**Student:** 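Following this message is one structure expressed as structure tokens.
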Amino acid sequence: MKLTTALTTLAAATLVSSTSLFGESQNVIATDDDKLSVPGKNPLNYCADPKDYILTIDHVDLDPNPPKPGEKLTISANGTLSEQIEPGATVFLQVKYGLITLIKQEADLCDNLPKIDIECPLKKGPMTILKEVDIPKQVPPGKYSVLADVNTVDKEKITCLESTVFFSKS
């Protein structure tokens, strides 16, 4: 099976945060609003109530959770698209280290899907992703925030995910 757009965004956000960060240990900073937590073993939250999102995420599991520098991260996710996602969909990705913005870009979603072995269009219905990522060993300690906002070509919200992770020295 192939991945849903938001799962792709999750993978992109997780891959970007994982490959951009290096450190000895990390802690996930939890939010107070559990209804915005993405189901599964992960540090992800929805940006807002996901009831109107095109992607319904059943679960996203990270192993290990939290991710550890120098180890392989396995991302397993399931979800359902309520409509087909056509070329022209976009993903806005922002990664911050404390107050410093490391990445702030909008990209064509379909142009980036081949990086995780997926192609457009994304078909309506259930989708699954299983991806392994090597996390570099040397991540500077600090607070990292990741935002991934995905929209159709018509600016309908596919999903919006965010996460905050704190890497500290061991």
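Being a predicted model, the structure only gives us computed values, none of them experimental. Nothing fancy with the numbering, it's 1 onward along the sequence.
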**Student:** Taking the side chain as every heavy atom from C-beta outward, state whether Val60 and Ile129 have any atom pair closer than 4.5 Å.
**Tutor:**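 No, every pair of side-chain atoms sits at 4.5 Å or beyond.
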**Student:** Taking the side chain as C-beta and beyond, is there a heavy-atom pair between Thr164 and Lys143 under 4.5 Å?
**Tutor:**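 A side-chain contact under 4.5 Å exists here.
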**Student:** When you look at Glu132 and Thr74, which way does the side chain to side chain contact (heavy atoms under 4.5 Å, CB included) test go after all the steps?
**Tutor:** CA-CA 4 Å; Glu132 289 186 345; Thr74 301; 3.7 Å; yes
**Student:** Identify the heavy atoms of Pro87 and Pro121 that sit nearest to each other, and give their distance.
**Tutor:**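 Closest approach of Pro87 to Pro121, heavy atoms only: CD-CB, 4.5 Å.
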**Student:** Would you confirm whether Ser163, through its side chain, and Pro43, through its main-chain N or O, come within 3.5 Å as a donor-acceptor pair?
**Tutor:**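 Side chain of Ser163 to backbone of Pro43: a pair is present.
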**Student:** Rounded to the nearest 0.5 Å, what separates atom CG in Leu102 from atom NZ in Lys96?
**Tutor:**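 Here the interatomic distance stands at 10.5 Å.
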**Student:** Among Ile158, Leu122, Ile54, find the one that has a side-chain contact (heavy atoms from CB on, under 4.5 Å) with Glu83.
**Tutor:**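 Single pass found, and it is Ile54.
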**Student:** Is the closest side-chain heavy-atom distance between Pro64 and Glu71 below 4.5 Å?
**Tutor:**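 They are in side-chain contact.
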**Student:** Hey, could you give me the CG/OG1 distance between Leu44 and Thr159, rounded to the nearest 0.5 Å?
**Tutor:**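 Between Leu44 CG and Thr159 OG1, I get 9.5 Å after rounding to 0.5 Å.
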**Student:** Could you tell me whether a side-chain N or O of Asn112 sits under 3.5 Å from a main-chain N or O of Asp108, the two making a donor and an acceptor?
**Tutor:**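 Side chain of Asn112 to backbone of Asp108: a pair is present.
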**Student:** Using only atom types and a distance under 3.5 Å, with no angle test, would you say the side chain of Asp61 pairs donor to acceptor with the backbone of Gly40?
**Tutor:**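 Not confirmed, Asp61 side chain does not pair with Gly40 backbone.
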**Student:** Check for me, please, whether Leu130 and Leu113 land in the same ILVMFWY cluster - side-chain distances under 4.5 Å, paths through other members count.
**Tutor:**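 No, Leu130 and Leu113 fall in different hydrophobic clusters.
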**Student:** Look at the side chain of Tyr97 and the backbone N and O of Pro140, then say whether any donor-acceptor pair between them is shorter than 3.5 Å.
**Tutor:**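 Not confirmed, Tyr97 side chain does not pair with Pro140 backbone.
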**Student:** Please list all pairs meeting salt bridge (charged side-chain N to carboxylate O under 4.0 Å, His left out) that have one or both residues in residues 152-163, counting only residues at least two apart or in different chains.
**Tutor:**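 Non-adjacent pairs meeting salt bridge (charged side-chain N to carboxylate O under 4.0 Å, His left out): Asp149-Lys157.
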**Student:** Do Thr80 and Asp58 pass the side chain to side chain contact (heavy atoms under 4.5 Å, CB included) test, and can you show the C-alpha distance, the side-chain angles, and the key distance before you say yes or no?
**Tutor:** CA-CA 8 Å; Thr80 304; Asp58 298 324; 4.2 Å; yes
**Student:** Check the pair Thr152 / Ile85 against side chain to side chain contact (heavy atoms under 4.5 Å, CB included), numbers first and verdict last.
**Tutor:** CA-CA 7 Å; Thr152 67; Ile85 305 303; 4.2 Å; yes
**Student:** Can you confirm whether Val38 sits close enough to Tyr46 that some side-chain heavy atom of one is under 4.5 Å from a side-chain heavy atom of the other?
**Tutor:**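 Val38 reaches Tyr46 side chain to side chain.
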**Student:** If you measure from CZ on Phe92 to CD1 on Ile103, what distance do you get to the nearest 0.5 Å?
**Tutor:**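 CD1 of Ile103 is found 11.0 Å from CZ of Phe92.
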**Student:** Does some side-chain heavy atom of Leu73 sit less than 4.5 Å from a side-chain heavy atom of Leu62?
**Tutor:**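 In contact.
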**Student:** Would Asn78 and Thr128 satisfy side chain to side chain donor-acceptor pair (under 3.5 Å), going step by step from the backbone distance to the final call?
**Tutor:** CA-CA 5 Å; Asn78 288 323; Thr128 299; 2.7 Å; yes
**Student:** In Å and rounded to the nearest 0.5 Å, what is the CG to CD1 distance from Asn65 to Ile75?
**Tutor:**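 One gets 11.0 Å once the value is rounded to the nearest 0.5 Å.
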**Student:** Determine, stepwise, if the pair Lys131 / Ser76 fulfils side chain to side chain contact (heavy atoms under 4.5 Å, CB included).
**Tutor:** CA-CA 7 Å; Lys131 185 70 178 175; Ser76 171; over 6 Å; no
**Student:** For the atom pair CG (Leu93) and CG (Leu161), what is the distance rounded to the nearest 0.5 Å?
**Tutor:**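 So the gap between those two atoms works out to 11.0 Å.
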**Student:** Would you mind checking if Asp134 and Lys72 are paired as a salt bridge, meaning a charged N to carboxylate O distance below 4.0 Å?
**Tutor:**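 A salt bridge is present here (some side-chain N lies under 4.0 Å from a carboxylate O).
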**Student:** How long is the straight-line distance from CD1 of Ile100 back to OG of Ser145, given to the nearest 0.5 Å?
**Tutor:**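 One gets 12.0 Å once the value is rounded to the nearest 0.5 Å.
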**Student:** Is any side-chain heavy atom of Thr90 closer than 4.5 Å to one of Val150?
**Tutor:**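 In short, these two side chains do not touch, never coming nearer than 4.5 Å.
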